[in-house]
Amino acid sequence: QQPVQSPQAVILREGEDAVINCSSSKALYSVHWYRQKHGEAPVFLMILLKGGEQKGHDKISASFNEKKQQSSLYLTASQLSYSGTYFCGTEGPNTGGFKTIFGAGTRLFVKA
Amino acid sequence: NAGVTQTPKFRILKIGQSMTLQCTQDMNHNYMYWYRQDPGMGLKLIYYSVGAGITDKGEVPNGYNVSRSTTEDFPLRLELAAPSQTSVYFCASSYRAEGLSGNTIYFGEGSWLTVV
């Protein structure tokens, strides 16, 4: 079953923060986050494997609340380069084993 | 570093024609995947493979076939192309150790397919 992402789209000014959420109807084994620029392939950002885990690099971080079956991606002090579509990918019993199913994506546009 | 290589990059097919999208990876990954992405939409899993000789259906397998005769190659066959198969196709691969979940997926550059 496809994870649900929210919001569908976000428009930010440089320097503003954003949160993208990813939720599942069942417990998850892991959550991946990817960013895709227009016309390009998705690029890996990070993966979270354990409930309560938090990760981050630069000003992009994520958390994984296993009990709530959701993950959030945090973008702080956004830069123009953050623009793109963000996808969460999930693995869990709802995906029938170790295959990654992606959400519909959140389109982020950062303007100067 | 070649990574995941897909061919062709662009193709126009007529309704009813068949074709094969080629995919090869040089990272010795055991898992390989085919996703499709319709314009402005997310990634849908078509088929995946956990190793040579083993394939399984994803979310949208109808109209497609795959095979995995070697670790490196995972071709996707479209039979009797239909306009609904107009999409961008991404091949991807990852390494997953036995019994563990979670692994980085590496994507190819994509193949743009139009069926007219």
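Below, chains carry the letters A, B, ... as their sequence lines are ordered, and counting in each starts from 1. Bear in mind the structure is a predicted one, so any value in this text is a computation, not a measurement. What you see below is based on every heavy atom in this structure, not just the backbone, and it leaves out hydrogens, waters and symmetry mates.
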Please indicate whether [X] has more than 12 foreign heavy atoms, meaning atoms of other residues, nucleotides or ligands, lying under 6.0 Å from its [atom1].
X     : atom1 : answer
B:K14 : NZ    : no
A:K59 : NZ    : no
B:I12 : CD1   : no

What's the spacing between [X] [atom1] and [Y] [atom2] if we round to 0.5 Å?
X     : Y      : atom1 : atom2 : answer
B:M41 : A:T85  : CE    : OG1   : 12.0 Å
A:I47 : B:I105 : CD1   : CD1   : 8.0 Å
B:Y35 : A:I101 : OH    : CD1   : 6.0 Å

Side-chain heavy-atom pair A:E40, B:E109 within 4.5 angstrom cut-off: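 Not touching, per the 4.5 Å side-chain cut-off.
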
B:F107 vs A:F44 side-chain heavy atoms within contact, under 4.5 Å: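 The answer is no, as the side chains (C-beta and beyond) never meet within the 4.5 Å cut-off.
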
In terms of hydrophobic clusters joined by side-chain contacts under 4.5 Å, are [X] and [Y] together?
X     : Y     : result
B:M19 : B:I15 : yes
A:Y74 : A:M46 : no
A:I20 : A:L28 : yes
B:I54 : B:M32 : no
B:L21 : B:Y48 : no

Contact class of B:Y106 relative to chain A, heavy atoms under 4.5 angstrom: neither

Residue part contacting chain A, namely of B:L45, when any heavy atom lies under 4.5 Å: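 For B:L45, the contact with chain A is made by the side chain alone.
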
Engaged part of A:Q5 at the chain B interface, taking heavy atoms whose separation is under 4.5 Å: neither

Lys/Arg N to Asp/Glu carboxylate O, B:E59 vs A:K99, below 4.0 Å: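 A salt bridge is absent here (no side-chain N lies under 4.0 Å from a carboxylate O).
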
Trace of the side chain to side chain contact (heavy atoms under 4.5 Å, CB included) decision for A:Q36 with B:F90: CA-CA 12 Å; A:Q36 184 181 33; B:F90 288 101; 3.6 Å; yes

Nearest non-hydrogen partners of B:G108 and A:A41, listed with the distance: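 Minimum heavy-atom separation between B:G108 and A:A41: O-CB, 3.1 Å.
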
